[in-house]
Amino acid sequence: MASGVEKRIRVKHLRPCATCSGRGGTGETRCPQCQGRGQIRRVQQSFFGQFVNVGPCPQCGGEGHVFRETCRTCNGEGRTSETETIAVRVPRGVTTGNFIPLRGLGDIGRRGGPSGDLIVLIEEKPHPLFERDGNDLVLDVPTSFTTLALGGKIEVPTLDGAPAHVDVPVGTQTGRTIRLKGRGLPGLKGGTGDLRVRLMVWVPPRLGAAERKLLEELGKAESLKPPRPGRSLFERVKDAFAG
Ligand SMILES: [Zn+2]
Ligand SMILES: [Zn+2]
């Protein structure tokens with residue numbers, strides 16, 4: 001979707017019968033029942049008077065001709081089911097729900113009738129790393145508490161494979177998003193989305209004895225205590241002035 005691709009898809013559709021070249025049979029002659037008109041007029045007498053019914057000829061199906069020999073490959077249909085491999089060019093920037101119409105590659109009509117189209121519907125396969133939001137990509141990056149608190153530089157993967165470097169400002173809260181302009185997906189009508197890097201604090205599931213001791217020591221620091229929930233910024237500012 002980011003770069004465009006040529007896909008080869010297998011399609012089962014009705015194509016002209018190879019045995020009869022799509023005609024339905026050999027030895028075409030004028031239908032004896034309708035004399036080639038394709039219609040049959042039936043006159044009916046009823047209590048109310050005389051009615052004329054016009055309908056398709058039952059012998060030739062309205063076509064006006066019959067075959068001396070009906071094609072046995074297609075039973076006179078003029079078409080057979082074929083499985084073919086078709087190359088489809090998918091342009092860059094497509095998204096789920098876009099479709100590519102391939103003119104004339106659907107089912108062909110009976111006995112050389114016009115062909116329908118083959119509609120290729122685009123469906124996105126989820127990426128294991130990046131989440132899509134329009135043309136933007138969202139990536140959650142586990143980040144250490146120290147990097148968030150002290151600031152620093154982290155390396156993040158991008159869709160094109162070349163890693164990008166992100167500056168983490170001092171005192172960054174978890175969940176903060178840093179936008180990398182133009183590193184998202186291209187739009188079908190031009191323009192490119194951004195890569196939104198969401199920094200998430202990572203908590204180590206296990207600690208060594210030394211790390212535990214250091215963290216316990218840090219935990220006592222007043223400046224490391226988070227604000228109590230439910231208290232507005234205003235109240236905290238008031239507290240600061242009062243105390
Ligand atoms: Zn007929
Ligand atoms: Zn045939």
Side-chain angles (χ1 to χ4, degrees), residues 1-128 130 132 134-135 159 185-191:
M1 288 184 163
S3 57
V5 71
E6 192 178 285
K7 284 265 181 191
R8 298 177 75 77
I9 54 170
R10 280 174 72 75
V11 177
K12 198 173 164 187
H13 54 176
L14 295 170
R15 302 314 294 161
C17 170
T19 311
C20 63
S21 310
R23 295 160 59 84
T26 49
E28 196 176 305
T29 52
R30 206 165 71 160
C31 174
Q33 193 172 344
C34 65
Q35 271 83 46
R37 281 192 302 270
Q39 288 180 338
I40 289 287
R41 291 160 64 89
R42 255 191 223 95
V43 180
Q44 284 181 322
Q45 299 294 336
S46 85
F47 180 76
F48 301 103
Q50 185 176 289
F51 285 92
V52 179
N53 277 329
V54 180
C57 167
Q59 190 173 344
C60 63
E63 288 182 353
H65 59 255
V66 288
F67 296 109
R68 233 191 321 275
E69 205 171 335
T70 301
C71 176
R72 268 189 262 173
T73 308
C74 62
N75 289 319
E77 279 285 302
R79 53 186 186 173
T80 49
S81 181
E82 310 281 345
T83 302
E84 285 183 303
T85 303
I86 293 170
V88 186
R89 215 189 64 73
V90 180
R92 69 204 291 260
V94 291
T95 184
T96 294
N98 286 154
F99 55 86
I100 301 167
L102 300 176
R103 300 281 171 228
L105 286 179
D107 286 343
I108 194 166
R110 200 173 164 270
R111 288 186 188 172
S115 277
D117 299 334
L118 174 65
I119 311 289
V120 179
L121 197 66
I122 305 290
E123 200 179 302
E124 184 181 320
K125 207 158 76 181
H127 194 278
F130 300 101
R132 185 175 186 162
N135 290 332
L159 197 62
L185 288 165
L188 201 56
K189 294 178 187 125

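For this chain, numbers begin at 1 and follow the sequence in order. Quick note: numbers below take in every heavy atom, side chains included, and nothing from hydrogens, waters or symmetry partners. For ligands, and for the atoms within them, numbers begin at 1 and follow the listed sequence.
Scanning both residues, Thr80 and Cys74, for their nearest heavy atoms gives CG2-CB, 4.0 Å. Pairing each heavy atom of Pro186 with each of Met1, the nearest pair is CG-O, 4.3 Å. The two residues Leu105 and His13 come nearest to each other via the heavy atoms O-ND1, 2.7 Å. Residues Asn135 and Gly187 approach most closely at ND2-CA, 3.5 Å, considering heavy atoms.
Taking a cut-off of 2.8 Å, the protein N, O or S atoms nearer than that to the Zn ion (ligand 1) are Cys31 SG, Cys34 SG, Cys57 SG, Cys60 SG.
Taking the side chain as every heavy atom from C-beta outward, Thr95 and Ile122 never approach each other to under 4.5 Å. With contacts defined as side-chain heavy-atom distances shorter than 4.5 Å, the pair Thr70/Asn75 does not qualify.
For the Zn ion (ligand 2), the count of nearby protein N/O/S atoms, taking only those under 2.8 Å, is 4.
Atom SG of Cys60 and atom CD of Gln33 lie 7.5 Å apart (nearest 0.5 Å).
The one candidate from His65, Gln59, Glu63 that meets the side chain to side chain contact (heavy atoms under 4.5 Å, CB included) condition with Cys31 is Gln59.
A donor-acceptor contact shorter than 3.5 Å links the side chain of Arg79 to the backbone of Ile108.
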